[in-house]
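Take a look at the structure set out below.
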Number of protein chains: 2
Amino acid sequence: MTSSRTGAAGLAALASLVADETRAGFLLALLDGRAWTAGELARHAGVAASTASEHLGKLVAGGLLAEERQGRHRYVRLADARVAQLVEDLAAQVTPSAAARPRTLRAAGAGSAMARGRTCYDHLAGRLGIAVTDALTGLGLLRQDTGFALTDEGVSWFEGLGVPLVRTGRRPLARACLDWTERRSHLAGVAGAALCRHALDAGWCVRIGSERAVKVTGRGERALAELLGIQPDTLR
Amino acid sequence: MTSSRTGAAGLAALASLVADETRAGFLLALLDGRAWTAGELARHAGVAASTASEHLGKLVAGGLLAEERQGRHRYVRLADARVAQLVEDLAAQVTPSAAARPRTLRAAGAGSAMARGRTCYDHLAGRLGIAVTDALTGLGLLRQDTGFALTDEGVSWFEGLGVPLVRTGRRPLARACLDWTERRSHLAGVAGAALCRHALDAGWCVRIGSERAVKVTGRGERALAELLGIQPDTLR
DNA sequence: CGCACACTTCGGCGGGCGCCGAACTGTGCG
DNA sequence: CGCACAGTTCGGCGCCCGCCGAAGTGTGCG
């Protein structure tokens with residue numbers, strides 16, 4: 001009983017960090033995988049700098065964020081891929097109900113860039129992420145029927161792309177991440193991150209503004225069609 | 001911005017449900033996969049019945065719990081496997097730090113039954129869960145090197161056991177679930193649930209008390225040794 | 001029926017927490 | 001230097017929320 005009590009206290013403490021709208025907004029913003037300054041986050045959330053500072057202190061103390069001080073700036077980012085996954089999972093749990101379709105076309109337009117393509121911390125999501133995942137599966141590079149794992153051919157494919165996959169720590173080579181716009185799993189893990197990095201490096205897609213949305217370039221359309229047989233229409 | 005705001009509000013609202021120690025205790029208790037009455041949970045958490053009632057109302061309204069009324073009893077259970085996974089993931093995130101080893105031998109003894117073997121909602125965890133997962137992997141029935149998926153031989157093995165695996169909805173056949181005592185992944189998903197159910201049905205293990213802990217029986221030791229080559233010592 | 005019991009509703013209390021502005025620290029720049 | 005600016009600390013305000021006990025509802029049982 002005592003041990004379950006302390007377990008409950010810890011669980012509640014962790015959830016408390018996310019249970020505030022301002023802090024939740026910070027975490028969602030940081031899902032782009034980059035480091036933000038305290039001031040940027042404060043403006044993004046519409047709170048005073050002092051308020052943001054206190055929130056960041058809690059999130060760092062709670063192990064959800066990592067910080068890096070540079071001069072008079074305090075940069076923060078999600079602590080690691082595991083925290084990012086947790087935030088994604090929580091967000092995915094919410095949106096099914098909050099997925100109430102936007103009423104106005106304007107609002108629909110605002111969300112549709114995110115729906116077309118975005119990053120999930122360090123891998124691709126949205127229609128773009130799903131298209132890539134489906135293509136890999138169709139080509140026999142990824143198995144989804146009995147779990148979620150690359151095939152040996154899949155590992156070779158990444159090597160052929162010039163992006164060898166190296167396991168780091170406990171992170172799996174391939175992992176399923178639930179997509180909150182498509183309601184299906186897309187590729188995460190080491191392979192998902194490697195592919196996303198390569199896509200950005202090679203100019204297959206570029207970030208839009210300061211949000212998580214990405215846009216597929218003409219070069220990207222050609223590369224995805226050639227390498228994975230993805231029809232450009234799929235991505236629009 | 002507006003859309004990210006509402007996303008943050010939803011995320012915070014979900015986390016708020018878990019951010020209370022009493023409600024967190026309910027969720028952890030319900031991780032045994034069974035239905036509890038409101039009164040049982042109230043006593044378990046040490047709060048008044050009226051307090052528990054209010055908490056249950058929120059958890060049900062938030063979609064985390066499903067309820068079933070029978071006469072004057074209100075039975076609640078976790079809404080589905082997805083919620084169970086979320087709670088497990090959150091709990092796993094906490095315990096690495098809270099894994100501070102218990103000081104007294106008495107406390108160590110209390111926790112060790114859970115560490116030896118327990119259920120995680122509907123599949124096996126603890127040393128028992130890890131041993132089974134490792135054995136399946138060693139026999140080539142489960143692949144963990146490139147993700148987490150059963151092999152074709154693995155699917156056949158379950159059929160041979162008399163437990164055919166049927167996919168229901170989106171739930172994957174095999175999924176990795178992070179074990180908070182062993183700090184490694186064990187088998188979850190349809191296969192994990194089927195194996196756990198079979199283990200309980202066939203008397204390989206029995207539940208201890210009203211908690212999640214399970215104990216491997218003599219019959220279970222023989223079956224696990226014969227079918228998977230698991231040494232009984234591994235489980236003690 | 002009428003009692004026992006599980007659960008719910010309500011009012012009220014108290015503590016915790018998020019918010020801000022003002023004052024302070026520390027960094028960069030001219 | 002001295003100013004501008006990022007971030008922090010602090011005090012105080014107000015609200016939200018979890019808690020309880022008392023009263024109310026509905027079910028089962030003798």
Side-chain angles (χ1 to χ4, degrees), chain A residues 4-6 8-30 34-62 64-77 210, chain B residues 4-6 8-30 34-62 64-77 210:
Chain A
S4 87
R5 248 317 182 193
T6 60
L11 180 55
L14 171 60
S16 296
L17 292 176
V18 190
D20 175 82
E21 185 170 339
T22 301
R23 285 195 296 266
F26 286 2
L27 294 171
L28 288 177
L30 289 164
R34 291 177 291 184
W36 292 50
T37 66
E40 284 170 342
L41 288 170
R43 256 170 282 125
H44 178 78
V47 296
S50 58
T51 304
S53 177
E54 288 171 350
H55 284 311
L56 291 179
K58 293 185 184 183
L59 289 170
V60 170
L64 295 186
L65 300 188
E67 70 180 356
E68 208 167 327
R69 311 242 174 186
Q70 279 183 22
R72 59 184 173 186
H73 292 281
R74 177 196 212 178
Y75 285 95
V76 293
R77 55 182 167 73
S210 67
Chain B
S4 86
R5 246 320 180 191
T6 60
L11 180 56
L14 171 61
S16 296
L17 292 176
V18 190
D20 175 83
E21 185 170 339
T22 301
R23 285 195 295 266
F26 286 3
L27 293 171
L28 288 178
L30 289 164
R34 291 177 292 185
W36 293 48
T37 66
E40 284 170 341
L41 287 169
R43 255 170 281 125
H44 177 78
V47 296
S50 57
T51 303
S53 177
E54 288 170 350
H55 284 310
L56 291 180
K58 292 184 185 185
L59 290 170
V60 170
L64 295 187
L65 300 188
E67 68 180 358
E68 209 165 329
R69 310 240 173 186
Q70 278 182 23
R72 58 185 172 186
H73 291 282
R74 178 197 211 179
Y75 285 96
V76 293
R77 53 181 167 75
S210 68

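Within every chain, numbering begins at 1; the chains are lettered A, B, ... in the order of the sequence lines, protein sequences first and strands thereafter.
- Ala49(B) comes within contact range of at least one nucleobase, with a heavy-atom separation under 4.0 Å.
- Atoms NE2 and CG, from His55(A) and Leu65(A) in turn, are 12.0 Å apart once rounded to the nearest 0.5 Å.
- Side chain of Ala48(A), nearest nucleotide from dC20(C), dC7(C), dG7(D): dC20(C).
- The side chain of Arg72(A) has dC5(D) as its nearest neighbour among dC7(C), dC19(D), dC5(D).
- Listed candidates were dC19(D), dC19(C), dT8(C). Nearest to the side chain of Ser53(B) is dT8(C).
- Looking at Glu54(B), its side chain comes within 3.5 Å of the base of dC10(C) through a donor and an acceptor atom.
- Look at Arg74(A) and you'll find a side-chain N or O under 4.0 angstrom from OP1 or OP2 of dT8(D).
- Between His55(A) and dC19(C), a side-chain N or O to OP1/OP2 separation shorter than 4.0 Å is present.
- For Thr51(B), no side-chain nitrogen or oxygen approaches OP1 or OP2 of dG18(D) to under 4.0 Å.
- Taking the screw axis at each terminus of the helix from dC1(C)-dG30(D) to dG30(C)-dC1(D) from five consecutive base pairs, the angle between the two is 30° to within rounding of 10 degrees.
- Checking dG7(D), dC7(C), dC10(D) against every side-chain atom of Ser50(A), the shortest atom distance belongs to dC10(D).
- Side-chain N/O atoms of Lys58(B) include none lying less than 4.0 angstrom from OP1 or OP2 on dC17(D).
- Closest-nucleotide positions on DNA chain C for Ala38(B) and Asp20(A) were compared, and the one nearer the 5' end corresponds to Ala38(B).
- When the nucleotides dG7(D), dC7(C), dG18(C) are ranked by their closest atom to the side chain of Arg69(B), dC7(C) comes out on top.
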